[in-house]
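Working notes for the structure below.
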Amino acid sequence: SRLRAQLGADVIAGDSRGYRLGAARVDVDEAARLVDEAGRRLEAGTPAVAASAAGRALALLGSGAALVGEPEADWVDALRDEVRSLLRTARHRAAEAALRTGRGREAVDLAAAAVGDDRFDETAHRLLMRAYREVGEPARALTTYQALAVVLRDELGVEPAPQTRRVHLAILREEREGTTPPVSARTGAPGVVGRDVELAQLGAAWEAACRGCPTVLLLAAFLVFYL
């Protein structure tokens, strides 16, 4: 095997049954460890450390191409699948860490790369929507959602997951992650008090319209004068 000659017999072991990974530590093992570390650091509330771990994993994984030119074999296919999965998760965690540390543009690049590799990846789409919102491009966030909804509906016959729809609605309401600022704080207009249900209905109707399912809403209002 060309790969065995390049990496050494301690990495690629061969016998009468063919070739397989040996016991030596290889880049994919280290990348897996770093991806797991990034996940633990995110859960522990230390996104800066998570970003470092995820970044090192991405450097090891590169573009995700593994064993290029090597003949097809079960172990080769398994390793390639593992590398692709690790790359996807590393990008997710790196983008999440970037968002939590205020690096929205970096999060856009990471999430967009994940979406480019898998247009059905809802986690990557949610991250990309949040990242666009973070860098002040909500229109692109909404376009990202609409494109995902069309692909899921036309090719898989499903709608976006509830958590994806929640991110979409949050952007429609001009909410930043983790906060729900009152309308008066954002626009200077009086807030709409006690109308959470009605606002949710309006948001759901707008979401349906963005998916190509328009509806008609009747809005009625009255004024109360205090003398």
Side-chain angles (χ1 to χ4, degrees), residues 11 21 23-66 78-138 140-142 144-145 148 152 160-182 185-186 196:
V11 175
L21 288 177
R25 191 174 191 86
V26 290
D27 283 351
V28 67
D29 299 319
E30 178 65 6
R33 185 191 69 78
L34 289 166
V35 169
D36 287 342
E37 176 71 11
R40 289 194 298 272
R41 294 298 184 177
L42 284 171
E43 291 179 359
T46 53
V49 181
S52 176
R56 284 150 54 205
L58 288 171
L60 288 171
L61 295 168
S63 66
L79 183 63
R80 287 171 177 165
D81 289 343
E82 182 181 2
V83 169
R84 283 191 291 266
S85 178
L86 281 172
L87 179 60
R88 180 173 58 250
T89 304
R91 283 171 170 163
H92 291 172
R93 292 176 179 173
E96 180 66 42
L99 281 169
R100 295 191 192 182
T101 52
R103 293 174 291 123
R105 185 55 60 185
E106 181 178 338
V108 167
D109 293 341
L110 289 162
V115 169
D117 276 354
D118 183 359
R119 57 197 180 123
F120 301 111
D121 185 346
E122 284 202 56
T123 299
H125 279 83
R126 287 194 296 273
L127 288 163
L128 185 56
M129 292 161 62
R130 291 169 54 203
Y132 277 138
R133 178 64 182 86
E134 182 67 22
V135 298
E137 299 180 17
R140 297 189 71 176
L142 297 176
T144 297
Y145 176 84
L148 171 66
L152 293 178
Q163 54 267 48
T164 307
R165 296 199 298 270
R166 283 195 293 270
V167 173
H168 181 233
L169 282 174
I171 296 169
L172 286 174
R173 296 172 182 171
E174 299 183 345
E175 296 176 357
R176 285 200 175 272
E177 288 298 314
T179 65
T180 309
R186 299 197 306 268
D196 292 342

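Of the options L58, L60, L61, L34, a side chain to side chain contact (heavy atoms under 4.5 Å, CB included) to L86 is made by L61 and by none of the others.
By the 4.0 Å N-to-carboxylate-O rule, R40 lies too far from E43 to be salt-bridged with it.
The CD1 atom of I171 lies 11.0 Å from the CD atom of E134; values are rounded to the nearest 0.5 Å. Considering CZ of R126 and NE2 of H168, their distance stands at 14.0 Å, rounded to 0.5 Å. Separating the CZ atom in R140 from the CG atom in L128 is a distance of 8.0 Å, to the nearest 0.5 Å. Going from atom OG1 of T144 over to atom CZ of R133 covers 14.0 Å, rounded to the nearest 0.5 Å.
T101 has its side chain out of reach of E106: every pair of non-hydrogen atoms, C-beta onward, lies at least 4.5 Å apart. Between D121 and H92 the shortest side-chain heavy-atom distance falls below 4.5 Å.
Pairing each heavy atom of A95 with each of A111, the nearest pair is CB-N, 4.3 Å. Shown here for A131 and G104, the closest heavy-atom pair between the two residues is CB-O, 3.9 Å. Counting all heavy atoms, side chain and backbone alike, A38 lies closest to A50 at O-CB, 3.5 Å. The two residues R103 and A51 come nearest to each other via the heavy atoms NH2-CB, 3.3 Å. Shortest non-hydrogen contact noted between T164 and E122 is OG1-OE1, 2.6 Å. Nearest heavy-atom pair across A114 and A124 is CB-CB, 3.6 Å.
The backbone N or O of V35 sits less than 3.5 Å from a side-chain atom of R93, completing a donor-acceptor pair. Between the side chain of R165 and the main chain of P160, a donor-acceptor pair closer than 3.5 Å is present. In terms of modelled atom types and a separation under 3.5 Å, the side chain of R56 and the main chain of E30 share no donor-acceptor contact.
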Determine, stepwise, if the pair L42 / R100 fulfils side-chain contact (heavy atoms from CB on, under 4.5 Å).
-> CA-CA 9 Å; L42 284 171; R100 295 191 192 182; 4.0 Å; yes
For D117 and R91, run side-chain contact (heavy atoms from CB on, under 4.5 Å): C-alpha distance rounded to whole Å, both residues' side-chain angles, the deciding distance at 0.1 Å, then the answer.
-> CA-CA 11 Å; D117 276 354; R91 283 171 170 163; 2.5 Å; yes
